[in-house]
There are 2 protein chains.
Amino acid sequence: MPTHTDIVSDLHPQPLYQKVKNYILEHIRDGRWLACNRIPSENELVQKLDVSRMTVNRALRELTAQGYLTRIQGVGTFVAEEKPQCAFLEIISIAEEIRRRGGVHTSYVHLLQAEKATQELAALMHMPESASVFHAILVHYDRQVPVQLADRYVNPQIAPRFLEQDFTSITPNEYLINVAPITQVDHVIEATLPDRKTKNLLALEDPAPCLVLHRTTWSGEHVATNSRFVYPGSRYRLGGRFKPDSISHRLVT
Amino acid sequence: MPTHTDIVSDLHPQPLYQKVKNYILEHIRDGRWLACNRIPSENELVQKLDVSRMTVNRALRELTAQGYLTRIQGVGTFVAEEKPQCAFLEIISIAEEIRRRGGVHTSYVHLLQAEKATQELAALMHMPESASVFHAILVHYDRQVPVQLADRYVNPQIAPRFLEQDFTSITPNEYLINVAPITQVDHVIEATLPDRKTKNLLALEDPAPCLVLHRTTWSGEHVATNSRFVYPGSRYRLGGRFKPDSISHRLVT
DNA sequence: GGCCGCAAGTTGTATATACAAGCATATACA
DNA sequence: TGTATATGCTTGTATATACAACTTGCGGCC
């Protein structure tokens, strides 16, 4: 009969199956269990973690639904090839995306300053009118070719030191993820013709349709960021794949 | 002791928990259980469907993770306010989408015939060259305004009676979902300027950037459909929302 | 050598049972 | 009247058990 002081210390009381999930995720994250490799069988985990098989099974089933694992009946459980990307969230880690497809990522910071929120922006970000917001405009390049314009407004309450960062070494996205847990993301995609300023920043010629991704992130009850990402239609596509009924989604570019 | 001839006929053998999920989804889809309303408790479902509580619990738990239900401990289980849309899959059920926002949906079938696959198409659909494929071109309208061009190639093996359908009463999407279980969906979004034919079909004036959604669906090992959906940028947007760590994704238009 | 079938190990499903935790209502008591 | 308690319902978790379905490899058999 299990007693459960093993898996992890009980700072936050947590369901057992959740602890098992965390145990597995840690092993995947820190590289002890590599992609495509087999992980211990249910029975081995039962013995190692001292929980029932049903509990291990639930943990493994949920991680599979989330895309972290792949299971084959009669064979075993494997770390999924590509870690699941949270749909649109990860898209914006464009630096990684460019590198992954063999490109060379650079970026240029066109603007980084505090501003007073316009009425419209204040409403969008649920802030008092003319409150101070941080504004950053970056362009990301793949071998000198601009592939994304990122136009971000950031809530100073969420990231007070945002303006002090060096965004040529860490992307704003990476920085923001570190300083604030994001609890919700909204986004809207549309196709537009760029205005003149955008066209200049992306070095476009007309006619040049663009994908525009509007994104609002929330951290608890507060809006953390309100952003607009512009992709030249000719140089970028958003793509994805998923299997119905499984729950995992992947969106790559 | 349950025997299970009740819930649904056993055409496709299917796990019990899946039947329970389908039972619930049907009640939600056809409006017997409305958004925000309570649905029967686990114990009531146990009695009604003659399965064990653990099975009902699993079904409800998974539907909750997928965003269809909301559960409150000690209170009950409720139909989620907004039903989750399986990312890009459901988007294309455009008729429902238009009605939901109070529009009036009509569609016109511009083409519906068998063709010989070009080399490129045959490769995309993993079919022998110059094999026969079904080709359908529809335009969907919201109050006479065209909002989507759907250009579909369908694998005759998957839907042999595709050409006989009346696509003014059922959308191709709805029909295809009924005849073949879809196991995987790939899609790519891009922004383009429409060619002249597309521009005519959608009654566009230039310059008119469009969202183009390319979609390939699979049924088992076979490609079921290869489609191109064109949305006028000025009349349509793709949007979504999700909460990290929860598993539910939603994409609405 | 090649084929068949069996056994062991794996995941997948279904059940019965038990208790914990949260909520709402009814009831008893001061 | 107001407050505490009890009860009954709900969902949430954990376990033991059983069997099904599938894969692999081993060994026997032809």
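All figures in this text were calculated on a predicted structure; none of them were measured in a lab. All chains are named by letter (A, B, ...) in the order of the sequence lines, taking the proteins before the strands, and each is independently numbered beginning at 1.
Regarding A/Gln47, its CD atom lies at a distance of 16 Å from the C1' atom of D/dA16, rounded to whole Å. Here the C1' atom of nucleotide D/dA14 and the CD atom of A/Gln14 are 15 Å apart, to the nearest Å.
Pair assignment for C/dA30: D/dT1, on the basis of Watson-Crick or G-U wobble contacts that are both within less than 3.5 Å.
No donor-acceptor pair closer than 3.5 Å links the side chain of A/Thr225 to the backbone N or O of A/Val154.
Note that CD of B/Glu190 is 10.0 Å distant from CG of B/Leu213, once rounded to the nearest 0.5 Å.
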Query - Contact state string [nucleotides 5-13 of chain C, B base, S sugar-phosphate only, - no protein heavy atom under 4.0 Å] - result: ----BBBBB

Report task. Evaluate the side-chain hydrogen bond (donor to acceptor under 3.5 Å, both in side chains) criterion for residues A/His126 and A/His222: first the C-alpha distance (whole Å), next the side-chain angles of each, then the deciding distance (0.1 Å), finally the verdict. Result -> CA-CA 7 Å; A/His126 296 212; A/His222 298 91; over 6 Å; no

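For the 3.5 Å distance criterion, the side chains of A/Thr77 and A/Arg71 qualify, holding a donor opposite an acceptor.
Taking the side-chain hydrogen bond (donor to acceptor under 3.5 Å, both in side chains) definition, one finds that B/Ser107 meets it with nothing, sequence neighbours left out.
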